[in-house]
Amino acid sequence: MIIHKQKDMCVYAATAFPSAVPLDLANYYNRTPIMVAASIGTKELFELLVDLRKERHWVFGKTECTSHDLTGIDSIDPVTGQTDPQSAIAITLKGDTRGHLEMLETSLIARVLDQKWKTFAKRVFMINLFRLVLYLVCLSVSVYTRRDGDLLSVKSSKDIARFVFECLTILFAASYVGYDVIRVLVKGPRLALQSWFFFLFCCCLMILTVIGRFT
């Protein structure tokens, strides 16, 4: 019903046979109906399933108080606390169709993402941005203060400054490599390296320059 986008049948099955057709029932691929709706990028069907799953606490006129079960929707598994790549948010963010882009505008996903940004993502982003700016400054200063000839000898204060910034650059590169090694151990290589692979490769090359300096 979901794959063929039959909204009326979904409503009928969920309301007429709620015990026989639970909305949290996973298929062979361990995907619930709301995950399948997210994978095919159907905003209307996704909002319908979210509305069917909500729990209404009270209604006063046109105002109502409801709560939503985020199991299968949030990117954090409520049981293990680990990232769930099969969640609706993770599937939507990885989607490459216009439907997936429109799904980001749904009220529930927008509110969850906004809360994640305010709670911890903004802080993590600013810290990583500050580290990257410092890394770029150290790398730029160490490059632009280089001179021709023997780079191991210290002949002026400019050489001392270059040596200090080169050491800081190597330390930053090593910290990024160490951080990604921890991410690989925790999340696995596919999730940890898919967005940082080329940057991590450049950091490894930066560390290898130490060997070239003394050879």
Side chains of residues 117-124: which donor-acceptor pairs under 3.5 Å do they make with residues two or more places apart or in other chains?
from: Lys118; atom 1: NZ; to: Asp114; atom 2: OD2; distance (Å): 3.3
from: Thr119; atom 1: OG1; to: Gln115; atom 2: O; distance (Å): 2.6
from: Arg123; atom 1: NH1; to: Thr119; atom 2: O; distance (Å): 3.2

Check whether Leu104 and Leu48 end up in the same hydrophobic cluster, where Ile, Leu, Val, Met, Phe, Trp and Tyr are linked by side-chain heavy atoms less than 4.5 Å apart.
yes

When you look at Glu166 and Val141, which way does the side chain to side chain contact (heavy atoms under 4.5 Å, CB included) test go after all the steps?
CA-CA 8 Å; Glu166 284 178 345; Val141 173; over 6 Å; no

In terms of heavy-atom contacts, Met35 and Ser87 come closest through CE-CA, 4.5 Å

What one should report as the nearest heavy-atom pair of Thr92 and His100 is CG2-O, 3.3 Å

Scanning both residues in full, the closest heavy-atom pair of Ile170 with Met206 reads CD1-O, 3.2 Å

Could you see if Leu93 belongs to whatever hydrophobic cluster contains Ile76? Use Ile, Leu, Val, Met, Phe, Trp, Tyr and a side-chain cutoff under 4.5 Å. no

Practice problem: Go through Asp74 and Val112 one step at a time and tell me if the side chain to side chain contact (heavy atoms under 4.5 Å, CB included) criterion holds. | Solution: CA-CA 8 Å; Asp74 193 9; Val112 172; 4.1 Å; yes

In short, Thr169 meets Ser142 closest at the heavy-atom pair OG1-OG, 3.8 Å

Rounding to 0.5 Å, atoms CD (Glu44) and CG (Leu49) come to a distance of 12.0 Å

Closest non-hydrogen contact found for Met103 with Ile109 is O-CD1, 3.7 Å

same_hphob_cluster(Val133, Met126) at 4.5 Å side-chain heavy-atom cutoff: yes

One pair to check against side chain to side chain contact (heavy atoms under 4.5 Å, CB included): Cys203 and Val177. What are the steps and the verdict? CA-CA 7 Å; Cys203 289; Val177 172; 3.9 Å; yes

Closest non-hydrogen atoms of Glu64 and Arg56, given as atom of the first, atom of the second and distance, are OE1-NE, 2.7 Å

Let me check something: do Leu132 and Phe130 share a hydrophobic cluster, defined by ILVMFWY side-chain heavy atoms less than 4.5 Å apart, either directly or through other members? yes

ask   = Are Ser107 and Glu47 close enough that some pair of their side-chain heavy atoms sits under 4.5 Å apart?
value = no

**Item:** Beyond-backbone contact of Thr66 with Glu55, side-chain heavy atoms, under 4.5 angstrom
**Value:** no

d(Arg111 CZ, Leu108 CG) to nearest 0.5 Å is 5.5 Å

Quick note, ring pair (Phe, Tyr, Trp, His ring centres under 6.0 Å) partners involving residues 37-81, not counting sequence neighbours, are none

**Request:** Find out if a path of hydrophobic residues (ILVMFWY) with successive side-chain heavy-atom gaps under 4.5 Å connects Phe163 to Phe165.
**Result:** no

(message) Check for me whether Arg131 meets the cation-pi criterion with Tyr176, that is, NZ or CZ under 6.0 Å from the six-membered ring centre and within 45 degrees of the ring axis.
(response) yes

Checklist entry - Which of parallel (below 30°), tilted (30 to 60°) and perpendicular (above 60°) describes Tyr135 and Phe199? => result perpendicular

Item to complete: Would you indicate whether the side-chain heavy atoms of Ile89 and Asp84 approach each other to under 4.5 Å?
Response: no

- Query: Step by step, would you call Ser39 with Gln86 a side chain to side chain contact (heavy atoms under 4.5 Å, CB included)?
  - Reply: CA-CA 9 Å; Ser39 64; Gln86 297 292 330; over 6 Å; no

